[in-house]
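All values derive from a computational prediction rather than experimental measurement. Chain letters run A, B, ... following the sequence lines, proteins first, then strands; residues in each count from 1.
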Number of protein chains: 2
Amino acid sequence: MTLLRDEGLTTDRPAGPAGLTDEELAVWRMLQRAQVHITRHLEAELLVAHGLPLASYDVLTQLAEAPDRRLRMNDLAGRVLLSRSGLTRLIDRLQRDGLVAREACASDARGLFAVLTDRGAARLTEATPTYLRGIRSEFLDLLGPGEIRLVREMLAKLPITAAP
Amino acid sequence: MTLLRDEGLTTDRPAGPAGLTDEELAVWRMLQRAQVHITRHLEAELLVAHGLPLASYDVLTQLAEAPDRRLRMNDLAGRVLLSRSGLTRLIDRLQRDGLVAREACASDARGLFAVLTDRGAARLTEATPTYLRGIRSEFLDLLGPGEIRLVREMLAKLPITAAP
DNA sequence: CTTAGAACGTTGCACGGACACCTAAACAGC
DNA sequence: GCTGTTTAGGTGTCCGTGCAACGTTCTAAG
């Protein structure tokens, strides 16, 4: 952080209005790295063990938890942090593999449901232990239970309401 | 988490060996969402204000902090969580824009340094306030100082050593 | 009823990144 | 010295994603 410090943009103690302390900056960077690290590990494991990218796993999960195993495309896009176009292609792939199906919406002819098929549900069931084990070993095991509760409280403050 | 619960993979209280409590799972998901949210915000702001993608900003920062403003390609790739090929193209772009230069390594003819140019340093200086402001408003402001210290301690436990 | 506008999903395009493979250089052992 | 192995970096190719534009359908104003 030498250069930043040189310009007075980071400081040791008093964090100015725009400046950050070195600790604050370090926390942010560590968070970034940790997130990337865990995500990659998860993605790799899911891929080799079940041929399922993380994004696909997320979609299947969202559908499984939705009433009637179905969700409108737009709705789903918001939940998996994906643009609508991105979701379109992803659903294309999942449909090709028979894990989800598209169904028209009765009340709105514009709308489409993405529906989890039985094969999709089976695949999800098969992959979930891998996913959970990954989260546990890469993340939860490294924190105490008290810390987890604390993180939860902190995260609850962030406005993670909806996607842009 | 209905489906997961149905399969006994998540529980209310006692977290089994592979199973997770709903709270643990929720924490992980919130963390994911928060990280994506913040990252996108940052990327968008840097892009519109300074035409600088987040990855490029990271590279410039790493170079600025490195001794002599230079780093070996391989070394740099590890620090910015990028594959070597990915870094090659990114440096290509940055070089095209005159923000970094490539320099041969005297002691090892295979090696190349990525060197921050004056233009690159200027661009970084110009963009950094935006970056820091983003971290502050999207992240730090929503946490107390005590919490930041706590997060730091937690993150310190994670083995974020090196990239695969 | 007609029409302007918004909302839903898809498509063309370009970009950024990873993987596998390649060349050149350094190093190991004999 | 010569040869096999390892390391540094770059290239060919493919995949996934976002943005902008498009067609279709719903909704509201007149």
Handout entry: Residue whose closest nucleotide on DNA chain D lies nearer the 5' end, G111(B) versus G86(A)
Key =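 Going by which nucleotide is closer to the 5' end, it is G111(B).
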Practice task
For L90(A) and for L87(B), find the nucleotide of DNA chain D with the closest heavy atom, then tell me which residue's nucleotide is more 5'.
Solution key: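 Closer to the 5' end of DNA chain D: L87(B).
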Please name all residues satisfying side-chain contact (heavy atoms from CB on, under 4.5 Å) with [X], sequence neighbours left out, ordered by chain then number.
| X | value |
| --- | --- |
| E153(A) | R149(A) |
| I38(A) | E138(A), F139(A), W28(B) |
| I148(B) | E24(A), V27(A), L140(B), L143(B) |

Hey, can you pull the donor-acceptor pairs under 3.5 Å for the side chains in residues 95-103 of chain B, sequence neighbours left out?
{"from": "Q95(B)", "atom 1": "OE1", "to": "R102(B)", "atom 2": "NE", "distance (Å)": "3.1"}
{"from": "R102(B)", "atom 1": "NH2", "to": "D92(B)", "atom 2": "OD1", "distance (Å)": "2.0"}
{"from": "E103(B)", "atom 1": "OE1", "to": "R70(B)", "atom 2": "NH1", "distance (Å)": "2.7"}

Problem - Which residues share a salt bridge (charged side-chain N to carboxylate O under 4.0 Å, His left out) with R72(B), sequence neighbours left out - result: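 Salt bridge (charged side-chain N to carboxylate O under 4.0 Å, His left out) list for R72(B), sorted by chain: D108(B).
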Exercise for the section: Determine whether the side chains of Y131(B) and T61(B) contain a donor N or O and an acceptor N or O closer than 3.5 Å. Expected result: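 Side-chain D/A pair, Y131(B) to T61(B): absent.
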Exercise for the section: Please write out which residues are connected to F113(B) in a hydrophobic cluster, directly or through intermediates, given that two of Ile, Leu, Val, Met, Phe, Trp, Tyr count as joined at side-chain heavy-atom separations below 4.5 angstrom. Expected result: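 Answer for F113(B): V115(B).
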Problem - salt bridge (Lys or Arg N to Asp or Glu O under 4.0 Å) contacts in which one or both residues fall within residues 78-91 of chain B, not counting sequence neighbours - result: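 The answer is D75(B)-R79(B).
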Exercise for the section: Would you list the pairs meeting salt bridge (Lys or Arg N to Asp or Glu O under 4.0 Å) in which at least one residue belongs to residues 139-148 of chain A, sequence neighbours left out? Expected result: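 Every pair satisfying salt bridge (Lys or Arg N to Asp or Glu O under 4.0 Å) with a residue in residues 139-148 of chain A: R136(A)-D141(A), E147(A)-K157(B).
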Practice task
Using only heavy-atom distances, decide whether a donor-acceptor pair under 3.5 angstrom links the side-chain of R89(A) to the base of dG12(C).
Solution key: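 Yes.
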Practice task
Could you list where the contact with chain B starts and ends along DNA chain D, reading 5' to 3', using a 4.0 Å heavy-atom cut-off?
Solution key: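 Nucleotide range with atoms under 4.0 Å of chain B: dT7(D) to dG18(D).
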Practice task
For A104(A) and L112(A), work out which heavy atoms get closest and say how close.
Solution key: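 A104(A) and L112(A) have their closest heavy atoms at CA-CD2, 3.9 Å.
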Practice task
Please determine if a side-chain N or O atom of R72(A) lies less than 4.0 Å away from the OP1 or OP2 oxygen of dC8(C).
Solution key: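 Negative; the distance criterion is not met.
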Problem - Any R40(A) side-chain nitrogen or oxygen under 4.0 Å from OP1 or OP2 of dG17(C) - result: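 The answer is no; no side-chain N or O of R40(A) sits under 4.0 Å from OP1 or OP2.
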Exercise for the section: Scan residues 41-54 of chain B against DNA chain D and write down, sorted by residue number, each residue with any heavy atom closer than 4.0 Å; if none is found, say none. Expected result: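 Residues of residues 41-54 of chain B under 4.0 Å from DNA chain D: none.
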Polar pairs (N or O, both sides) under 3.5 Å between protein and nucleotides 20-29 of chain C?
{"from": "dA26(C)", "atom 1": "OP1", "to": "A109(B)", "atom 2": "N", "distance (Å)": "2.9"}

Handout entry: Sequence-distant partners of T39(B), side-chain hydrogen bond (donor to acceptor under 3.5 Å, both in side chains), two or more places apart
Key =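 T39(B) satisfies side-chain hydrogen bond (donor to acceptor under 3.5 Å, both in side chains) with Q35(B) once adjacent residues are dropped.
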Exercise for the section: Could you check how far CD1 of I91(A) sits from C1' of dC8(C), rounded to whole Å? Expected result: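 Rounded to the whole Å, the gap is 15 Å.
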